[in-house]
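A short write-up of the structure that comes next.
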There are 2 protein chains.
Amino acid sequence: MSTPVPEATVARLPIYLRSLRELAEMGVKTVSSNRLAELSGVNAAKVRKDLSYLGSYGVRGVGYEVGYLIFQTSRELGLTGDRGIVIAGAGHLGQALANYPGFAQKGCRICAMVDIDPQKVGGELGGVPVVGPDRVSEVMSRNPGAIVVVATPATVAQEVVDRFVRAGAHSILNFAPVVLNVPEGVAVRQVDMALELQVLSFYAEQGERSALAKGVESVPS
Amino acid sequence: MSTPVPEATVARLPIYLRSLRELAEMGVKTVSSNRLAELSGVNAAKVRKDLSYLGSYGVRGVGYEVGYLIFQTSRELGLTGDRGIVIAGAGHLGQALANYPGFAQKGCRICAMVDIDPQKVGGELGGVPVVGPDRVSEVMSRNPGAIVVVATPATVAQEVVDRFVRAGAHSILNFAPVVLNVPEGVAVRQVDMALELQVLSFYAEQGERSALAKGVESVPS
DNA sequence: TAGATTGTTAATCGATTAACAATC
DNA sequence: TAGATTGTTAATCGATTAACAATC
């Protein structure tokens, strides 16, 4: 078949999609790789190469048709049908996610929340039913291809994921600060704020060190 | 001076640090690159190369001393002094972040929240004072090297960041779903859940397509 | 000494991007 | 036609990792 889309490209498609939607909202019909690159904060050659993996949807000398590119990018990302989401963990984070309005907008539907607390099981949170861990397998069968969002404490994240994987889960968004072990073929994305802060701390420290070395003063007020 | 630490390495140091802390908590004194790699979900050669940027802190035939490596990694990441954090935006997300217990643990101190709402300005949220945008410059002067966490609506994120950068900010953690334009020398990390979900949607779709192509059935129950 | 493990080299791999022919 | 812009090639760059000498 066609060349597989590289990982780095897949990670950028949602950024292009966001830029394209902004353009569409502004009534813009056509966009060049240069403009799209500028809006998305990347190199223009990279945009063209990334888009070429989807097919030849541009017109030389003209650019890309915004609406059509939105359609093709969405299709490539599997955002056309409605995509189910199951939230594991109905604590603060889980509830915040259940209330997040961004999901429905993007064609995502939260099917269920899973929690171990008997006080929560059987109830609803943000309009989403809360079920016990014994019903994971049932939830995953009813919502094939659902993405599992892990919002449990770090200590139990791995066993929760094991259960979901056994129930057929193939896509996991992990908010717990642990490295998850999953079998081949299961995709995991990690969101870890503490980790991002530590990376920034490194560069902040670097900045201070080099500022010190160069005798740079702080910006005058 | 010494070779600059590659970006990819910087991004992994916090993961090693987490693994090392777990080991320390378990009373483990010494660890090999192999074991640390396993715990951190990376290749052992990569661990050794990454750690070699910090210096020669291992002992051939023995491994790395856990406590000492924690110290050196923390130092490299600038986690020794207390690092200030300023949260821009006192909405749901901002408040959730202010209440997040993980900050204080990691030697981070939330200095202030900045919001435009007169009802919030002058008050406190989660023990953190809320100030108006007119005091950004003052807050940044009092907390040099502070990391700015952007938790504002996407529409105003860029102008908020511009103001902080003018006030001397060099490190930004952005939760708003926009590409930020910042001058050279300012580090930005992006956390975007909707984006991560779309990436996973791609792989979920892929899985379904190939499963379909290969005639694979779902896992028997 | 024998076994283990680091630190580093060098080969490999994948991603980035300048450049330009193709073509609207 | 002249100008603009894509799609793709090929050079470049940086990151990964197998392999192994150094050495505890």
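Since the structure is predicted, the reported quantities are computational estimates derived from the model, not experimental observations. Here is the naming used below: chain letters follow the sequence lines, and residue numbers restart at 1 for every chain. Side-chain atoms are counted along with the backbone in the values below, which use heavy atoms only and exclude waters and symmetry mates.
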Check your understanding: In terms of the nearest nucleotide of DNA chain C, which residue is placed more toward the 5' end: K46(A) or R60(A)?
Key -> K46(A)
Exercise for review: Calculate, to the nearest 0.5 Å, the distance between atoms CD1 and SG belonging to I85(B) and C111(B) respectively.
Suggested key: 8.0 Å
Review point. Is the CD atom of E22(A) crowded by more than 12 outside heavy atoms at less than 6.0 Å?
Key: yes
Check your understanding: How many angstroms lie between OH in Y16(B) and CG in L51(B), if you round to the nearest 0.5 Å?
Key -> 6.5 Å
Review point. Taking only residues two or more places apart in sequence, or in another chain, which ones meet Y57(B) in a ring pair (Phe, Tyr, Trp, His ring centres under 6.0 Å)?
Key: Y68(B)
Check your understanding: How would you list all residue pairs meeting salt bridge (charged side-chain N to carboxylate O under 4.0 Å, His left out) that involve residues 54-75 of chain A, not counting sequence neighbours?
Key -> none
Review point. Who pairs with L173(B) by side-chain contact (heavy atoms from CB on, under 4.5 Å), at least two apart in sequence or on another chain?
Key: M193(A), E196(A), L197(A), L200(A), V149(B), F175(B), R189(B), V191(B)
Practice item. Scan R12(A) against the nucleic acid and name what it touches under 4.0 Å (heavy atoms): base, sugar-phosphate only, or nothing. Key: sugar-phosphate
Distance-only check: which donor-acceptor pairs under 3.5 Å involve side-chain atoms of residues 150-161 of chain B, not counting sequence neighbours?
| residue | atom | partner | partner atom | Å |
| --- | --- | --- | --- | --- |
| Q158(B) | OE1 | N181(B) | N | 2.9 |
| Q158(B) | NE2 | D162(B) | OD1 | 2.9 |
| Q158(B) | NE2 | N181(B) | O | 3.0 |

Exercise for review: Please figure out whether G58(B) or V42(A) has its closest DNA chain C nucleotide nearer the 5' end.
Suggested key: G58(B)
Check your understanding: Roughly how far apart are T9(B) OG1 and R12(B) CZ, rounded to 0.5 Å?
Key -> 5.0 Å
**Study point:** Consecutive-pair stems (at least three Watson-Crick or G-U pairs, under 3.5 Å) that include DNA chain D
**Key:** C:3-24 with D:3-24
Exercise for review: Walking along DNA chain D from 5' to 3', note the first and the last nucleotide with an atom under 4.0 Å from a heavy atom of chain B, and give both.
Suggested key: dA15(D) to dC24(D)
